[in-house]
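Since the structure comes first, as structure tokens, the remarks are kept for the end.
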Amino acid sequence: MVLPREVLPREALAAPALEAARALVGALLVREPDRIGRIVEVEAYIGTADRASHARFGRTARNAVMFGPPGVAYVYLVYGMYDCLNVVVEPDGRPAAILVRALEPLAGLEAMRDARRRHAAARRRRPGGDPGAVPDERLASGPGALAAAFDIDRAMTGLDLLDPRSPVRLERPAGVGERPAVMATARGGIDYAPEPWRSLPWRFVDPGSPSLSGPPLPGSVGRPR
DNA sequence: GCAAAGATTTGCT
DNA sequence: GCAAATCTTTGCC
């Protein structure tokens, strides 16, 4: 991208999870050598009491990194098919993670399209559709699609996303940048969780983005995204 | 050791 | 709007 960038400061992610989540909206996800996306949708999963969080069973082999220091990647496989990228937040010892649900593609769109096609072909079950045919702005809309477009998988769990040498990094435009307006809504895909967890407004989006996943925002016009 | 369910996506009815 | 695809993680016997 044209503008100068800098790695996100770790303090922004050591903050309480809801603050860290807001700070991630508008940040950049960089995938070496050529892919960049602007984060426009995230969800927070906080503590062992959150009945929607993987940390609700306490510390296990899978979620161990959630209990570690902030800025580290936690990638898990969902429904046996899709990898999902989380950013560990809050200080060491407190289990919290932010699920990165959607990006606005900024650079490397062809690489994203190729990666989507490659991952779809690997799951050679269903004939028909071509995931590489989605419009540019939807190449990384949804956590599974995002991980596919950026070639992110479970082997990257534990990777420091704030290390300038990491192949996947969190950055931001350098200098004094205006941050986007952020809207809070309920999290999705957690019908298994009881109230109040199911309805907590722990999903944060840039409401102006054409790259959001899921149903239309409350109050938005019924135009398709 | 086995059964159940899941932080999703896609295509078809 | 609904259901299938797919396999790891977790819980319970």
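By convention in this document, chain letters (A, B, ...) are assigned in the order of the sequence lines, proteins followed by strands, and residues within each chain are numbered from 1. The analysis underlying the following values was restricted to heavy atoms, covering all of them including side chains, and did not include hydrogens, waters or symmetry mates. Just so it is clear, the structure is predicted and the values come from calculations on it, not from any experiment.
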message = Any carboxylate oxygen within less than 4.0 angstrom of a Lys/Arg side-chain nitrogen, looking at Asp163(A) and Arg10(A)?
response = no
> Do Pro105(A) and Asp136(A) have side-chain heavy atoms sitting under 4.5 Å apart?
Replying inline: no
Taken to the nearest whole Å, CD/Glu43(A) to C1'/dG6(B) is 14 Å
Is there a donor-acceptor contact under 3.5 Å linking the side chains of Glu104(A) and Ser209(A)? yes
Quick check: do Leu161(A) and Val72(A) have side-chain heavy atoms less than 4.5 Å from each other?
no
Separation of dC7(C) atom P from Asp83(A) atom CG, nearest Å, is 12 Å
Q.
Using the six-membered base ring of dT8(B), report whether Tyr79(A) stacks on it, requiring centroids under 5.5 Å and planes under 30° apart.
A. yes
Does one side chain, of His54(A) or Asn86(A), offer a donor that lies under 3.5 Å from an acceptor on the other? no
Side chain proximity check, Val182(A) to Val205(A), heavy atoms < 4.5 angstrom | no
For DNA chain B, consecutive-pair runs of 3 or more (Watson-Crick or G-U wobble, both H-bond-type distances under 3.5 Å) give B:1-6 with C:7-12, B:8-12 with C:1-5
*Counting only side-chain N and O atoms of Arg62(A), is one of them less than 4.0 Å from OP1 or OP2 of dT10(C)?*
yes
Rounded to whole Å, CG of Asp191(A) lies from P of dT8(B) at a distance of 10 Å
Suppose you measure atom P in dA7(B) against the same atom in dG1(C); what distance do you get, rounded to whole Å? 23 Å
* Asked: Across the strands shown, which category fits Arg187(A) at heavy-atom distances under 4.0 angstrom: base, sugar-phosphate, nothing?
  -> nothing
When rounded to whole Å, the CD1 to P distance for the pair Ile190(A) and dT8(B) reads 9 Å
Of the candidates dT10(C), dA7(B), dT8(C), the side chain of Phe57(A) sits closest to dT10(C)
Taken to the nearest whole Å, CZ/Arg203(A) to P/dT8(B) is 11 Å
* Answer with base, sugar-phosphate or nothing: what part of the nucleic acid does Tyr82(A) contact at a heavy-atom distance below 4.0 Å? => base
| message | So, under a plain 3.5 Å distance rule, would you say the side chain of Tyr76(A) forms a donor-acceptor pair with the base of dA7(B)? | response | yes
(Q) Within the supplied structure, the quantity of interest is the number of heavy atoms (other residues, nucleotides, ligands) at a distance under 6.0 Å from Glu195(A) CD; does it exceed 12? (A) yes
ask   = Looking for any heavy atom pair under 4.0 Å, which part of the strands does Ala97(A) touch: base, sugar-phosphate only, or nothing?
value = nothing
Worksheet entry | Distance under 6.0 Å and angle within 45° of ring axis: Arg187(A) vs Tyr45(A) | yes
**Message:** Measuring to OP1 and OP2 of dT9(C), would you say a side-chain N or O of Thr60(A) lies under 4.0 angstrom away?
**Reply:** no
- Task: State whether Arg198(A) places a side-chain N or O below 4.0 Å from either non-bridging phosphate oxygen (OP1 or OP2) of dA7(B).
- Result: no
Rounded to whole Å, the CE-P distance (Met81(A) to dA5(B)) equals 16 Å
Check: Think Arg116(A) has a side-chain N or O under 4.0 angstrom from the OP1 or OP2 of dT9(B)?
Finding: no
Taking any heavy-atom pair under 4.0 Å as a contact, classify Leu77(A): base, sugar-phosphate, or nothing. sugar-phosphate
Whole-Å distance, Phe204(A) CZ to dA7(B) C1', equals 15 Å
Here the distance between atom P of dA7(B) and atom CG of Leu24(A), to the nearest Å, is 20 Å
